[in-house]
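Quick note: residue numbers are just sequence positions, from 1.
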Amino acid sequence: MQLPAAYPQLDDLRLFCEVVRGGSLAAAAAALSASPSYVSKRLGILEQQLGVRLLHRTTRRLAVTEDGETVLRWARRLLADVEEMALEVKASRAEPEGLLRITASFGFGRCHVAPVVSEFAARHPLVEVRLDILDRPIDPVAEQVDVDVRLGGPLEPHLVAQKVADNHRVLCAAPAYLTAHGTPQRLDDLARHRCLVIRERDHVFGIWRLAGPGGEETVKVRGTLSANHGEIVHRWALDGHGIMLRSRWDVDEELASGQLVRVLPAYRQQADIWAVMPYRPAQPPKVRLFVEFLRERMGKRA
């Protein structure tokens, strides 16, 4: 590839991307409100500046050349960077606005996400926030959600995530339960205990996967009580009904006061807090500011 005689213009790179997307000069001309002759002329100037042929043109179709694929990849990256720059500058000068859709799981959403949303809304009154508390995994793209606040769990390849804070789940029970039923000494002992099982978001019902001294281990648990809401299970554990696996964020105070006792403290389940979003070349200011605010508030707690 020869060195270009002059740097290409962003408008010409955008035009080239539109030609490829539309599949023809006519389609690109219609999308850009220009004539096909203008599109052809600017495409020729771009090829001349870069010293390469970008497209194989026939009467029926266009095919991108190997050099064209390289230029297309860089053009999309450059245009995305320019868009992100413009959004960042605009965000620094203007108040964010518009609808911001946020989702979270039942217990964590009510206890920890909702207070942050309240404070964020007070600071940014032009943003209309909708917080949905759900007991199931969601796809932010399919359900048009801006930010899904998750505890652990796998990340789908078409999504992006920013870590908000460190967190893990721990095994714990009330002293009354341990006095009556004994304290487990090994992970296998949990199978013989009354475990309070929860079905919430990324929990696999009745299967606890825990990281311990020997790496990750799995134990199948059961009990006479189960629920799909973490706060219900939490209340049952305080009442002495069994052993639960609960986020450290939710039990720290009760562990410190002695209302709950850690069981098998060498084991834990990683459950870091993530802000999961649809992929965009540049996140809108309302999304970026909320995620930054979420990390600032929850990061202090971690």
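Rounding to the nearest 0.5 Å places CG of Leu255 at 8.0 Å from OG of Ser257. To the nearest 0.5 Å, atoms CG (Asp148) and CE (Met277) are separated by 10.5 Å. Taking CG from Asp188 and NZ from Lys220, the interatomic distance works out to 14.5 Å, rounded to the nearest 0.5 Å. Note that CZ of Arg194 and CD1 of Ile243 are 11.0 Å apart. Values are rounded to the nearest 0.5 Å. Separating the CH2 atom in Trp236 from the CG atom in Leu225 is a distance of 5.0 Å, to the nearest 0.5 Å. Here the CD1-CZ distance, from Ile102 to Phe290, works out to 3.5 Å after rounding to the nearest 0.5 Å.
Counting only distance, with no hydrogens or angles, the side chain of Arg101 and the backbone of Glu143 share a donor-acceptor pair below 3.5 Å. A donor-acceptor pair is defined here as one N or O able to donate and one able to accept, closer than 3.5 Å; no such pair exists between the side chain of Asp166 and the backbone of Asp272. Without hydrogens or angle criteria, Gln162 side chain to Ala275 main chain gives no donor-acceptor distance under 3.5 Å. When atom types are taken as modelled, the side chain of Gln185 and the backbone of Thr183 share a donor-acceptor pair closer than 3.5 angstrom. The main-chain N or O of Glu217 is never found under 3.5 Å from a side-chain atom of Tyr267 such that the two would form a donor-acceptor pair. Put simply, the side chain of Thr179 gets close to the backbone of Pro175: a donor and an acceptor are under 3.5 Å apart. For the pair Asn167 (side chain) and Ala271 (backbone), a donor-acceptor distance under 3.5 Å is present.
Residues that satisfy the side-chain hydrogen bond (donor to acceptor under 3.5 Å, both in side chains) test with His181, not counting sequence neighbours, are absent from this structure. Take His168 and apply the ring pair (Phe, Tyr, Trp, His ring centres under 6.0 Å) test, not counting sequence neighbours, and it matches no residue. Contacts of Arg77 classified as side-chain hydrogen bond (donor to acceptor under 3.5 Å, both in side chains), with partners at least two apart in sequence or in another chain: none. Residues satisfying the side-chain hydrogen bond (donor to acceptor under 3.5 Å, both in side chains) test with Arg280, not counting sequence neighbours, are Asp146, Gln283. Take Arg235 and apply the side-chain hydrogen bond (donor to acceptor under 3.5 Å, both in side chains) test, not counting sequence neighbours, and it matches Asp239.
Grouping the Ile, Leu, Val, Met, Phe, Trp and Tyr side chains by contacts below 4.5 angstrom, directly or via other members, places Trp74 apart from Val52. Leu62 and Ile45 are not part of a single hydrophobic cluster, where members link through side-chain heavy atoms under 4.5 Å apart. Note on Ile138 and Leu99: separate hydrophobic clusters, where clusters join Ile, Leu, Val, Met, Phe, Trp and Tyr whose side-chain heavy atoms are under 4.5 Å apart, directly or indirectly.
Among all heavy-atom pairs drawn from Leu190 and Pro184, the shortest one is CD2-CG, 4.1 Å. The nearest pair of heavy atoms linking Ser105 to Ile133 is O-CG2, 3.5 Å. Listed here is the closest heavy atom pair of Ala191 and Val219: N-CG2, 4.5 Å. When all heavy atoms are compared, the tightest approach of Val276 to Ala161 is CG2-CB, 4.1 Å. Closest non-hydrogen pair, Val127 versus Pro96, comes out as CG2-O, 3.3 Å. Here the closest non-hydrogen pair linking Leu72 and Cys17 is CD1-SG, 3.9 Å.
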Test log, rule side-chain contact (heavy atoms from CB on, under 4.5 Å), inputs Val149 and Val164: CA-CA 9 Å; Val149 184; Val164 172; 5.7 Å; no

Evaluation steps, side-chain contact (heavy atoms from CB on, under 4.5 Å), between Arg169 and Leu151: CA-CA 10 Å; Arg169 299 184 181 104; Leu151 276 71; 3.8 Å; yes

From CA spacing to verdict: side-chain contact (heavy atoms from CB on, under 4.5 Å), Glu254, Cys172: CA-CA 10 Å; Glu254 288 147 341; Cys172 52; over 6 Å; no

Verdict with reasoning, Leu260 to His234, per side-chain contact (heavy atoms from CB on, under 4.5 Å): CA-CA 10 Å; Leu260 292 172; His234 194 154; 4.2 Å; yes

Expected list for residues 113-123: side-chain donor-acceptor pairs under 3.5 angstrom, two or more places apart:
from	atom 1	to	atom 2	distance (Å)
Glu119	OE1	Arg297	NE	3.1
Glu119	OE2	Arg297	NE	3.0
Glu119	OE2	Arg297	NH2	2.6

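Annotation: side chain of Val197 is not in contact with side chain of Arg222 (no heavy-atom distance under 4.5 Å). At a threshold of 4.5 Å between non-hydrogen side-chain atoms, the residues Leu79 and Glu83 do not count as touching. Looking only at side-chain heavy atoms (C-beta outward), Glu231 and Arg246 come within less than 4.5 Å of each other. Counting heavy atoms from C-beta outward, Leu25 and Leu43 have side chains that approach closer than 4.5 Å. Contact of the Leu171 side chain with the Leu210 side chain is registered, since non-hydrogen atoms from C-beta on lie closer than 4.5 Å. Trp249 has its side chain within reach of Met298: a pair of non-hydrogen atoms, C-beta onward, lies under 4.5 Å apart. Counting heavy atoms from C-beta outward, Phe16 and Leu55 have side chains that approach closer than 4.5 Å. For the pair His112 and Asp250, the minimum side-chain heavy-atom distance is below 4.5 Å.
The pair Arg42-Glu18 does not count as a salt bridge, with every side-chain nitrogen at least 4.0 angstrom from each carboxylate oxygen. Between Glu292 and Arg295 there is no salt bridge, since no side-chain nitrogen of the basic residue lies less than 4.0 Å from a carboxylate oxygen of the acidic one.
Within 6.0 Å of CZ on Arg53 lie no more than 12 heavy atoms contributed by other residues, nucleotides or ligands.
Donor-acceptor pairing under 3.5 Å is lacking for the side chains of Asp132 and Thr103.
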